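First up is the structure itself, then whatever we jot down about it.
Counting starts at 1 for both ligands and their atoms, in listed order. Nothing here was measured: the structure is a model prediction, and the numbers come from that model.
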Amino acid sequence: MSSELSYVQPTANSPWGTYLSQVDRVVPYLGGLARWVETLKRPKRALIVDVPIEMDDGSIAHFEGYRVQHNMSRGPGKGGVRFHPDVTLEEVMALSAWMTVKTAAVNLPYGGAKGGIRVDPKKLSHKELEKVTRRYTSEIGIIIGPHTDIPAPDVNTNAQIMAWMMDTYSMNVGGTATGVVTGKPLHLGGSLGRVKATGRGVFVTGREAARRLGLDLRGARIAVQGFGNVGSVAAELFAEAGAKIVAVQDHTGTILNQNGLDLAGLVPASRTAGGAVSFKGGDVVPNEQFWDVDCDILIPAALEGQITAERAQKTKARLVLEGANGPTVPTADDILAERGVLVVPDVICNAGGVTVSYFEWVQDFSSFFWDEDEINVRLDRIMMNALNNIWDTADKHKITLRTATFAVACERILMARQERGLYP
Ligand code: NAD
């Protein structure tokens with residue numbers, strides 16, 4: 001049966017095309033469940049909304065918004081909301097599908113969903129940003145909810161935006177529905193440890209991968225692309241463990257220092273309008289130089305499709321930790337495997353965020369909040385159990401960690417699908 005959809009035209013390396021190729025690679029390991037695989041190749045539901053707002057100057061602007069619920073076989077949809085001028089339906093579909101795989105890989109009782117708005121939030125005033133967020137939330141309010149689909153932060157969204165989303169949804173339904181989004185501020189039902197959770201998960205899985213490779217983190221050289229929530233937190237944790245952050249790239253450019261960048265200065269500088277390149281403790285170099293910098297570990301933590309075949313060919317890293325979703329295109333994946341570069345794939349590497357989002361949701365429902373140590377201990381345990389299980393599967397079938405993660409996850413998703421049966 002064809003899995004072509006009339007409403008997207010993916011290419012081999014586009015986000016949905018990348019995802020489809022990853023699913024195709026797992027089919028030989030699914031046994032009889034392969035019969036259900038088509039269910040993974042199309043979203044359950046995709047909503048496109050118009051988001052009109054009145055701008056500060058009195059003009060009316062329209063933005064395109066999306067919420068895609070890829071699969072809900074194992075539980076409510078779960079996944080972030082991205083504000084970026086290049087967001088497309090195809091991208092949101094792929095991000096929602098990776099959420100389905102990720103929540104199953106770490107065995108959380110969720111499906112996968114994702115949302116986005118085609119907007120550059122850096123060009124909006126605070127008030128305009130609030131209006132866009134509220135109108136978007138109201139438009140997708142017909143399909144989200146604490147028991148159906150729970151958004152969270154992603155690129156260019158944060159705790160403040162989650163607070164507006166929670167408030168808008170609550171106003172529309174009456175009452176205070178804290179469980180409708182995660183990644184909220186602490187005093188609005190947020191969880192300790194959520195802000196750092198994704199970076200922390202990258203560190204936990206990376207530390208284990210380095211141990212298995214015999215790579216000592218003390219003195220290890222690390223290059224990080226994307227220095228926002230995920231990249232900067234991961235960098236700080238690796239630096240605390242003795243590693244040197246030798247290169248950082250963000251949307252403003254690339255900064256390099258083979259002796260190690262001083263994060264105490266770089267992190268605050270990267271949060272200003274000038275970005276990472278405004279930090280004076282390194283050399284600003286052309287962006288392409290980032291990809292063949294002398295390093296042991298490469299952490300892509302920005303956007304999809306960044307590790308192309310050409311960049312995979314020239315990287316000097318022994319280990320790639322996918323903080324971002326979908327950073328490696330399928331051809332690059334093959335080249336990295338041939339070159340013996342170990343890739344810890346997004347669907348396990350960056351699962352720390354959704355894991356602590358799950359803790360937040362559980363705490364909201366029980367109205368009982370845990371301390372940060374408890375959060376981090378539970379996060380480490382879930383990540384390590386999942387990673388070890390995936391590693392055993394990879395060893396057993398002699399496959400990459402990515403295909404092994406898909407094998408573990410897709411078996412759970414399709415088993416749930418089979419047990420539920422087809423309605424009607
Ligand atoms: P963020 O908005 O906090 O940071 C994004 C970073 O990427 C910024 O430093 C920005 O300058 C940089 N960037 C943007 N465009 C770039 C470009 N063209 N080249 C280089 N750098 C560029 O976003 P985030 O939450 O850190 O998310 C980063 C990635 O991690 C995304 O792929 C996201 O889907 C993924 N992720 C995030 C979470 C989470 O909890 N926030 C969880 C799982 C996965």
Checklist entry - What is the nearest protein non-hydrogen atom to atom 30 (O) of ligand 1, stated with its residue, atom name and distance? => result Gly323 O, 3.4 Å
Checklist entry - CZ of Arg207 to CG of Leu321: how many Å apart, nearest 0.5 Å? => result 12.5 Å
Checklist outcome for this item: Within the 4.0 Å heavy-atom cut-off, what Gln225 brings close to ligand 1 is side chain
Item to check | Closest protein heavy atom (residue, atom, distance) for atom 31 (C) of ligand 1 | outcome: Ala302 O, 3.0 Å
Checklist entry - At what distance is the nearest protein heavy atom to atom 13 (N) of ligand 1, and which residue and atom is it? => result His251 N, 3.8 Å
Item to check | Polar side-chain atom of Thr103 near backbone of Gly111 as donor-acceptor pair, under 3.5 Å | outcome: yes
Item to check | Salt-bridge present (Glu38, Arg417; N to O < 4.0 Å) | outcome: no
Next on the checklist: Any nitrogen or oxygen of Gln306 lying under 3.5 Å from a nitrogen or oxygen in ligand 1? Just yes or no.
Outcome noted: no
Checklist entry - Counting each atom of ligand 1 from 1 as listed, which ones have a heavy atom of Asn350 under 4.0 Å away? => result 43 (C), 44 (C)
Next on the checklist: Taking Glu54 first and then Lys131, would you say they form a salt bridge - that is, a charged N and a carboxylate O separated by under 4.0 Å?
Outcome noted: no
Checklist outcome for this item: Short version for Ala301: what comes under 4.0 Å of ligand 1, heavy atoms counted, is backbone
Next on the checklist: For a 4.5 angstrom cut-off between non-hydrogen side-chain atoms, does Arg271 reach Val267?
Outcome noted: yes
Next on the checklist: Heavy atom to atom 34 (O) of ligand 1, shortest distance: which of Asn156, Asp86, Asp154, Thr198 holds it?
Outcome noted: Asp154
Item to check | Short N or O distance, Gly228 and ligand 1, threshold 3.5 Å exclusive | outcome: yes
Checklist entry - What's the shortest distance from atom 41 (N) of ligand 1 to any protein heavy atom, and which residue and atom give it? => result Asn229 OD1, 3.7 Å
Item to check | Presence of salt bridge, Lys123 and Glu128, under 4.0 angstrom | outcome: no
Item to check | Proximity to ligand 1 by part of Arg82, non-hydrogen separation under 4.0 Å | outcome: side chain
Checklist entry - Where does Arg194 meet ligand 1, judged by heavy-atom distances below 4.0 Å: at the side chain, the backbone, both, or neither? => result side chain
Next on the checklist: Can you check which of Thr252, Leu303, Asn325 brings a heavy atom nearest to atom 18 (N) of ligand 1?
Outcome noted: Leu303
Item to check | Under 3.5 Å: N/O of Gly226 near N/O of ligand 1 | outcome: no
Item to check | Asp346 side chain to Gly326 backbone, donor-acceptor under 3.5 Å | outcome: yes
Checklist outcome for this item: the protein heavy atom lying closest to atom 23 (O) of ligand 1 turns out to be Val155 CA, 3.5 Å
Checklist entry - Less than 4.5 Å apart, any side-chain heavy atom of Ser73 and any of Lys44? => result no
Item to check | Residue and atom name of the nearest protein heavy atom (relative to atom 26 (O) of ligand 1), distance in Å to one decimal | outcome: Val230 N, 2.9 Å
Checklist entry - Do Thr182 and Lys78 come close enough that some side-chain heavy atom pair is under 4.5 Å? => result yes
Next on the checklist: Just so I know, are the side chains of Arg74 and Leu108 near enough to count as touching, which here means a heavy-atom distance under 4.5 Å?
Outcome noted: no
Item to check | Backbone of Leu213 reached by a side-chain donor or acceptor of Arg318 within 3.5 Å | outcome: yes
Checklist entry - How far is atom 9 (O) of ligand 1 from its nearest protein heavy atom, and which residue and atom name does that atom have? => result Phe227 N, 2.8 Å
